[in-house]
Amino acid sequence: MINTYTSWLLYYTKSIIVKAVAAENFTDRPPVATITMVLCFGCCSSRGDYSPIDDGFPSHHINNLDVEYIDIKCGYSYNQVKKIIFNIIAICMVGVPYLAIHWSVKLKLYLLMTPCPLSTSDIVLVTDANNSDAIYDVHISIIKDSNGKRKTVRYFKHQLLKYIWDENENVFKFLQGLDNGTTTLSNLLEKCHGLTSDEYTNQLELFGKNEVIVEVHSYWKLFFAEVLNPFYVFQIFSICLWFFDDYEYYAVCVLISSAFSIGTSLYQLKTQSRSLKETVETNNNDIYTVLRRDEGSVKVKAQFLVPGDVIIIPPGGCNIACDALLLSGNCIVDESLLTGESEPITKSPPSSIEEFCYSSSSHKHHTLYCGTRILQSRFYAGAQVLALVVRTGSSTAKGNLIRSIMFPKDMDFEFYLDSIKFVLIMFVVATVGMLYCAYLYVIRDASIEYIVIRSLDIYTVVVPPALPAAMTIGIVHSMKRLKRLKIYCTCQTRINVAGKIKLVCFDKTGTLTEDGLHFFGLLPYDGLKSVTNIYNNLVKDLSQIDIRSPIIATIASCHSLTHINGSLAGDPLDLSMFNATNWELEEPGADNSRFDNLLPSIVRPSKKLYSGEVPVEIGIVHQFPFNSKTQSMCVIGQVFGTRGYTAYCKGAPEKIIQNCLKETVPTNIFSVLEEFGSSGYRVLALAYKNLPKKVNWKSLYHLKLEDVQCNLIFLGFLVMQNKLKPQSSNVIKQLRTANIKCVMVTGDNLYTGLSVARECSMIPSNINIAVLTATPSTELNKAEIKLEPTLGHNLDLQDEKVYYAIDGRSWSVLESDFPNSLPYVVSKGLVFGRMLPEQKMKLVECFQNMGYVTAMCGDGANDAGALKVAHVGISLSQAEASIAAPFTSQITNVSCVTKVIREGRCALVTSFGIFKYMTCYSLIQFITLVLLYSVERYYVRKFSIFIF
């Protein structure tokens, strides 16, 4: 990998040294135009003015949903005759052809290889989604088929993923795990006994080790890769020319400057590679217990797991080093590394009667993902908790995240083509000047050596030597100021790019807000009737309410909390809500076996709320977990001492209200909601109902949610607050004043994101927000898009001030069924909730494709991919996210965003001013040199002149 900054620096630095030159050769300077366009015009876009911030053979395509698009152009075979001829010519030309084939993949194939069918090829030419060409050797491995016969497998690897040759279809296919799009859940559940030893050996040979390979190259290898870049080659050529022309001191100074720059670049590359490698290999040496059909249980290192292995999940939990389908038991999993959501998630095995094709994304409630941690496993009747390995290595969830960091999408700025054109123009001008000067010296009978030196020197005159050093002055000073502000930069070129930012994507939790939601108050039904200040009716101390009341029972029981290692764990909202009641949760049995018992979990008031006997105890006998469609959660409980069952519900107000009896809903309910919403609070509606007497222990497990969650009695509102960090609102206002668009991209709930966006002024008061919901197509219905206004907002599709909020599920539908509508939706989107890491990346890329110079600010590992692909990534964490981000802030709030933009603009303005000055200097120098060459008096050469 080549550090762009140092490439530019070495390419253009001929130093800022005072040097006397002959009048005939005002010397110096390579094509400064490129750096000029690069650094000054950075990421030019057409987003308006910038405002100040106050304070051959048929190819085939592979377009799998889990991997990026690639086009396998054609195959090639080695041609020994071509190779011998090429080597002879290259030696005669002092190795120049070797450089040419190093720079051009297609030229290498043309000069050394012979096109052939893919079925017999030694090498394949692959074009990726960035339209970049790469060639890969085709390898061969031997495995045994189901009949025990030896079989040859041809494959190549592209960006850590393996592609194997399919003899039936005569194409290379991405090697998927067991979730290949054709395997049903019932087929996978039949594999619960594991592999035999021979099957394991074949799988290991086919899929390889379960590891994501991050190579940390030696300094020598990095050095040669850097030096062979065209920019450095030109620099070496110039240094050699100056040595030959008696410019030893000047050449040595440039050489030292170049060596220092290369050393800095190599150190940064090495450090980043080591950090990434350490992160990837964290759990590679974990030991798993694996079932073998012919050997029983065996101990296997994580890196030797293969698809088809059945692993035993220990009761105390473990780290997951592969993607696996849960076969038996239940697991409580922390997926914060991948999703950014801190609450544990319960995973359960799928039903064996399901005949749907298994997909790790659509069956995520049954899938354990690589990179996550199982906090606890629970089993039934003493059985083991088993999981079937479905994916390993780079194709896992964590592998995809690491690959997104290692192979980000290329940043094709608009200025790049312009800079190339500028260099070509300068090259043409220099060529004309060179031919003219060569003609003058020929007619004057100068020696061939003298003519060659003077003519080639023209090319080094085109760009002034002091430009690169001068251009870096602004960058260096900006870096120093950022360091004093505890913001560290690992990629200097991004500082100038930061000066062109026109859109900033913010993560929510830990970035704009503190972690979690906080209980703000309870507004009972009676408090809603009042027409006075509604905040005066909020109950902030729940001990003031009768502990036997249904509203307290709802708050205490309607949650999915559980005890892990003696402490409560679950959704932060549920934790905050339950802790506000001062009740206790008791669960029967040990943590890892409580599902063996038919006794329910029990909630009761803590002893400080009563004296004497316990006034009330509620057994939670059945749960309907939070459903994104109904935007609600429901539990069925039984008050001890009674025979009937009661349904307790909480959820989005607009959904709960629809399911309540009209006579129980206050008439002013929507105005109250609007008042709380406009103040940035998260509001949940509470409701309950007593189930019919015919419902008994057996029948309640067969009840449908829609039958339970209807004809409810409205109880009141639970008001939660997701506290903003003090600096967030001010920073957002500054960015909006500077005409920089701000967008929220979070893995949290969409409505929580909307609430926070309103509170921090990301959603202006003069615009309306609509929630965009996209439903996928089915056999009976077509895919469709629906727009629903949020509370307090009107929906007028013709109004340009209507913007959208969208969640990750609808994003996936838009990608698959409405790709042409996606850019428009993205341009109107302000809040994106429940976004997976890869969806965050794609969103950032969409903004980039629309012409926005995009920044991303986040703090979690789930933001790493987006931080990497963004033009400017700013991490508020020292952990995984900092590996991918060019900027890392030790001050964990978003104030660093405006500081980075300010320093970027400072460096950009400085660079642009220097460029204008130095460009004029270069043109004057070039014209003067040509005029001096035209003078027939040779004594001019002895006239020395001091330059800059």
Measuring only between side-chain heavy atoms, which start at C-beta, is V290 closer than 4.5 Å to V298?
yes

Test side-chain hydrogen bond (donor to acceptor under 3.5 Å, both in side chains) applied to Q176 and S395, step by step:
CA-CA 8 Å; Q176 295 177 282; S395 62; over 6 Å; no

So, does S777 use its side chain to make a donor-acceptor pair with the main chain of A783 at under 3.5 Å?
no

Would you say S810's side chain and D807's backbone share a donor-acceptor pair under 3.5 angstrom?
no

Using a strict cut-off of less than 4.0 Å between a Lys/Arg side-chain nitrogen and an Asp/Glu carboxylate oxygen, indicate whether R154 and E167 qualify as a salt bridge.
no

Determine whether P819 and L814 make a side-chain contact, defined as any pair of heavy atoms from C-beta on separated by less than 4.5 Å.
no

If you look at every heavy atom in V844 and C505, which pair is closest and at what distance?
CG2-SG, 4.4 Å

Worked verdict on K270 versus V216 for side-chain contact (heavy atoms from CB on, under 4.5 Å)
CA-CA 7 Å; K270 188 90 169 180; V216 180; 3.9 Å; yes

Steps toward salt bridge (charged side-chain N to carboxylate O under 4.0 Å, His left out) verdict (D309, R292):
CA-CA 8 Å; D309 273 340; R292 293 272 186 267; 2.7 Å; yes

pair N79-L112: side-chain heavy atoms closer than 4.5 Å
no

Test side-chain contact (heavy atoms from CB on, under 4.5 Å) applied to L125 and Y76, step by step
CA-CA 8 Å; L125 173 63; Y76 291 84; 4.1 Å; yes

Quick one: do V124 and F172 satisfy side-chain contact (heavy atoms from CB on, under 4.5 Å)? Show the steps, please.
CA-CA 10 Å; V124 292; F172 280 100; 3.9 Å; yes

Look at atom NZ of K82 and say whether more than 12 heavy atoms of other residues, nucleotides or ligands are closer to it than 6.0 Å.
yes

Heavy-atom pair with the smallest gap, counting every atom of T396 and R391:
CG2-O, 3.4 Å

Looking at the rings of F156 and H139, which for Trp means the six-membered one, are their centres under 6.0 Å apart?
no

Under 4.0 Å between a side-chain nitrogen and a carboxylate oxygen: does that hold for D817 and K782?
no

Counting only heavy atoms from other residues, nucleotides and ligands, does the tally under 6.0 Å from NZ of K108 exceed 12?
no

Answer yes or no: is there a donor N or O on one side and an acceptor on the other, between the side chain of T392 and the main chain of V389, under 3.5 Å?
no

If you look at every heavy atom in C116 and S121, which pair is closest and at what distance?
SG-CA, 3.5 Å

Looking at T196, is its backbone amide N or carbonyl O close enough to the side chain of E199 to form a donor-acceptor pair, meaning the two atoms are under 3.5 Å apart?
yes

All heavy atoms of D507 vs all of G858, minimum pair found to be CB-CA, 3.9 Å

Do the side chains of H366 and L325 get nearer than 4.5 Å, heavy atoms only?
yes

Any side-chain to backbone donor/acceptor pair from Q203 onto P307? Under 3.5 Å, distance only.
yes

Are W165 and V153 packed together at the side-chain level, in the sense that at least one heavy-atom pair is separated by less than 4.5 angstrom?
no

To the nearest 0.5 angstrom, please state how far the NZ atom of K868 sits from the CE atom of M856.
15.0 Å

For residues Q839 and R834, report the shortest heavy-atom separation together with the two atoms involved.
OE1-O, 3.8 Å

Spatial distance of atom CG (N210) from atom CZ (F304) [nearest 0.5 Å]
10.5 Å

Taking the side chain as C-beta and beyond, is there a heavy-atom pair between V333 and R373 under 4.5 Å?
no

Heavy atoms of L750 and G833 approach each other most closely as CD1-N, 3.6 Å

Could you tell me whether the side chains of D122 and S77 share a donor-acceptor contact shorter than 3.5 Å?
no

What verdict does the ring pair (Phe, Tyr, Trp, His ring centres under 6.0 Å) test give for Y163 and Y155, after you've listed the backbone C-alpha separation in whole Å, the side-chain angles of each residue and the deciding distance to 0.1 Å?
CA-CA 5 Å; Y163 297 82; Y155 69 92; over 10 Å; no

Can you check whether L326 reaches L368 side chain to side chain, under 4.5 Å on heavy atoms?
yes

Spell out, as yes or no, whether a donor-acceptor pair under 3.5 Å connects the side chain of T289 to the backbone of K299.
no

Run the side-chain hydrogen bond (donor to acceptor under 3.5 Å, both in side chains) check on T201 and D198 step by step: do they pass?
CA-CA 5 Å; T201 302; D198 290 340; 5.2 Å; no

Any donor-acceptor pair under 3.5 Å from W103 side chain to L228 backbone:
yes

Sidechain N-carboxylate O distance under 4.0 Å for K398, D323:
no

State the OH-CD1 distance between Y78 and I123, to the nearest 0.5 angstrom.
3.5 Å

Give a yes or no on whether the backbone of V813 and the side-chain of S816 come within a donor-acceptor separation of less than 3.5 Å.
yes

Do I374 and I313 come close enough that some side-chain heavy atom pair is under 4.5 Å?
yes

What's the verdict on side-chain contact (heavy atoms from CB on, under 4.5 Å) for I312 and L291, showing C-alpha distance, side-chain angles and the deciding distance?
CA-CA 8 Å; I312 299 175; L291 296 182; 3.8 Å; yes

From NE2 (H158) to CZ (F174), nearest 0.5 Å
11.0 Å

Just verifying a value: how many Å separate Y288 OH and C322 SG, rounded to the nearest 0.5 Å?
6.0 Å

At what distance, to the nearest 0.5 angstrom, does CZ of F207 lie from CG of L305?
13.0 Å

In plain terms, say whether D286 and K301 are close enough for a salt bridge, that is, a side-chain N and a carboxylate O under 4.0 Å apart.
no

